[in-house]
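Have a look at the structure below, then the notes.
Labels below follow one simple rule: chain letters A, B, ... track the order of the sequence lines, proteins then strands, and each chain is numbered from 1.
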Amino acid sequence: MIEIKTPKDFNFKECLVFLGRSDQELLHKISDGYVFKLLKVEQELVLLKISYKNDALQVEFPMGNPTLDAQKMAAKYVVDWFDLDRDLFGFFEMARNDQMLQPVVSKYRGLRIIGIPDLFEALTWAIMGQQINLTFAYTLRKRFVERFGESVTFDGETYWLYPTFDRIAEIEVDTLKDLQFTARKAEYVIGVSRAMVNGELSRENLLKMEDYQQIHTYLTKLRGIGSWTADYVMMKCLHQSAAFPITDVGLHNAVRIQLGLERKPTLDELKEMAAGWTGWEAYAVFYLWRSLYV
DNA sequence: GTCCAGGATACTG
DNA sequence: CAGTATCATGGA
């Protein structure tokens with residue numbers, strides 16, 4: 001077992017609410033306060049059993065202890081997944097004086113952006129979610145994972161890995177259409193896979209840029225990646241706290257509900273509301289999304 | 001049956 | 001350049 005110290009403002013229960021938002025989720029399981037997550041590190045399958053105790057995440061390895069290197073990689077994944085390296089003080093200070101964020105932040109304080117550390121997963125999940133409702137997006141993802149992902153069954157439970165880009169790079173559009181992807185989405189997903197096989201597109205390369213605008217411009221040049229998808233990926237995978245998917249329908253609904261509006265806010269109204277969020281847009285959006293899950 | 005979903009692109013005037 | 005059609009299915 002390893003122990004990962006959590007920062008001062010960390011609320012595991014709130015993170016669990018987010019992780020448990022879909023009953024079609026198969027990339028992790030939540031049971032009795034534990035999160036189970038299968039990873040492949042250093043060529044070995046590693047099952048994590050994560051809980052929270054004594055201001056730390058406790059990570060157990062039910063399938064047996066992996067090598068020390070693999071344990072380190074797993075710990076890195078967890079830090080990344082729960083955004084543990086971030087100091088949220090600035091966000092809370094900003095939100096304190098924001099009429100819309102204040103109640104949301106006080107309600108869910110300690111929630112962190114639950115990320116998607118794998119770039120391929122972040123990009124393709126975002127593509128799957130374009131234009132359709134979340135329920136159907138999860139249906140698509142479930143089929144995608146069950147068809148192309150690797151799995152292991154342990155103690156009566158089956159755990160899945162997200163498919164890899166080299167696997168998807170070699171399939172055809174029609175194969176994804178069978179899973180009810182639109183032809184366009186199938187092309188986008190396969191296109192992204194092939195760009196990653198080339199090595200031109202990688203998380204490492206994107207993180208080297210370390211400038212919001214440069215990453216955004218690079219991503220939106222890829223077919224199927226518009227502004228919303230670029231911001232979503234920067235927010236969920238690249239730790240860009242200034243990423244702002246301002247056209248997001250979920251954001252619009254959350255704002256409408258928070259402000260008691262009968263209609264959705266306009267783009268100009270959103271820009272005005274968010275004027276003070278500078279540098280914390282991603283967290284503002286994530287907390288507003290959280291407000292939609294009861 | 002109608003309308004809208006965690007949008008993006010191709011086409012039209 | 002802005003506006004419109006298309007995708008393709010599920011859930012309310």
Side-chain angles (χ1 to χ4, degrees), chain A residues 17-25 27 104 108 111 113-116 118-147 162 172-195 201 215-238 240-241 243-258 261-268 270 273-274 281-294:
Chain A
V17 171
F18 182 83
L19 286 168
R21 73 196 188 286
S22 170
D23 53 12
Q24 297 193 85
E25 181 59 66
L27 295 176
V104 178
Y108 309 121
L111 169 69
I113 290 181
I114 305 299
I116 305 176
D118 174 26
L119 177 67
F120 177 65
E121 181 185 340
L123 282 165
T124 51
W125 167 232
I127 290 167
M128 285 178 218
Q130 290 170 359
Q131 176 55 19
I132 55 178
N133 63 64
L134 262 184
T135 310
F136 186 46
Y138 271 105
T139 303
L140 287 180
R141 188 178 70 151
K142 184 164 184 285
R143 290 177 187 157
F144 184 69
V145 171
E146 286 176 340
R147 178 71 189 273
Y162 199 76
E172 300 300 325
V173 167
D174 283 344
T175 313
L176 287 179
K177 281 177 76 177
D178 291 343
L179 308 186
Q180 287 178 294
F181 282 59
T182 64
R184 287 240 179 103
K185 278 189 186 176
E187 289 165 15
Y188 300 165
V189 166
I190 293 171
V192 163
S193 314
R194 294 182 180 167
L201 173 60
I215 301 173
H216 193 276
T217 303
Y218 180 88
L219 285 175
T220 49
K221 278 182 188 154
L222 296 164
R223 186 156 180 269
I225 313 294
S227 191
W228 176 87
T229 307
D231 277 309
Y232 180 88
V233 169
M234 281 191 279
M235 169 179 173
K236 296 278 282 185
C237 181
L238 304 175
Q240 299 286 313
S241 55
F244 190 22
I246 193 169
T247 59
D248 182 80
V249 177
L251 171 67
H252 300 172
N253 283 328
V255 167
R256 178 176 57 73
I257 292 166
Q258 284 306 310
L261 304 175
E262 294 192 3
R263 53 165 183 80
K264 286 182 188 169
T266 65
L267 207 56
D268 283 340
L270 283 162
M273 279 171 221
E281 290 89 343
Y283 260 90
V285 169
F286 199 73
Y287 269 67
L288 286 164
W289 280 348
R290 168 65 185 86
S291 72
L292 293 171
Y293 309 130
V294 187

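Along DNA chain C, the nucleotide nearest to Ala183(A) and the one nearest to Thr135(A) differ in position, and the one closer to the 5' end is contacted by Ala183(A). In this structure, Thr139(A) and Gln131(A) both approach DNA chain C, and ranking their closest nucleotides by distance from the 5' end singles out Gln131(A).
Atom NZ in Lys177(A) sits about 10 Å away from atom P in dC7(C), given to the nearest Å.
Distances shorter than 4.0 Å separate some side-chain N or O of Arg223(A) from OP1 or OP2 on dA10(B). Taking 4.0 angstrom as the limit, Thr229(A) places a side-chain polar atom (N or O) nearer than this to OP1 or OP2 of dA8(B). Remark: Thr182(A) is in phosphate contact with dA8(C), judged by side-chain N or O atoms under 4.0 Å from OP1 or OP2.
Backbone-only engagement by Tyr188(A) is indicated by non-hydrogen atom pairs under 4.0 Å involving sugar-phosphate atoms exclusively. As judged by a 4.0 angstrom heavy-atom cut-off over every strand, Leu140(A) is placed among residues making no nucleic acid contact. No contact: Ile246(A) has no heavy atom under 4.0 Å from any strand.
Ion pairing between a basic and an acidic side chain is recognised when a charged N comes within 4.0 Å of a carboxylate O; Arg141(A) and Glu25(A) show such pairing.
In this structure, the side chains of Gln130(A) and Trp228(A) come closer than 4.5 Å at one or more pairs of heavy atoms.
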Start with the C-alpha distance between Glu281(A) and Ser241(A), add both sets of side-chain angles, then the distance that settles side-chain hydrogen bond (donor to acceptor under 3.5 Å, both in side chains), and finish with yes or no.
CA-CA 6 Å; Glu281(A) 290 89 343; Ser241(A) 55; over 6 Å; no
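Between Tyr283(A) and Phe286(A), the ring planes lie perpendicular to each other; the angle is over 60°, past the 30° to 60° tilted range.
dA8(C) and dA10(B) have their P atoms separated by 14 Å, given to the nearest Å.
For Asn253(A), whose side chain is taken as the heavy atoms from C-beta onward, the closest listed nucleotide among dA5(B), dA8(B), dT9(C) is dA5(B).
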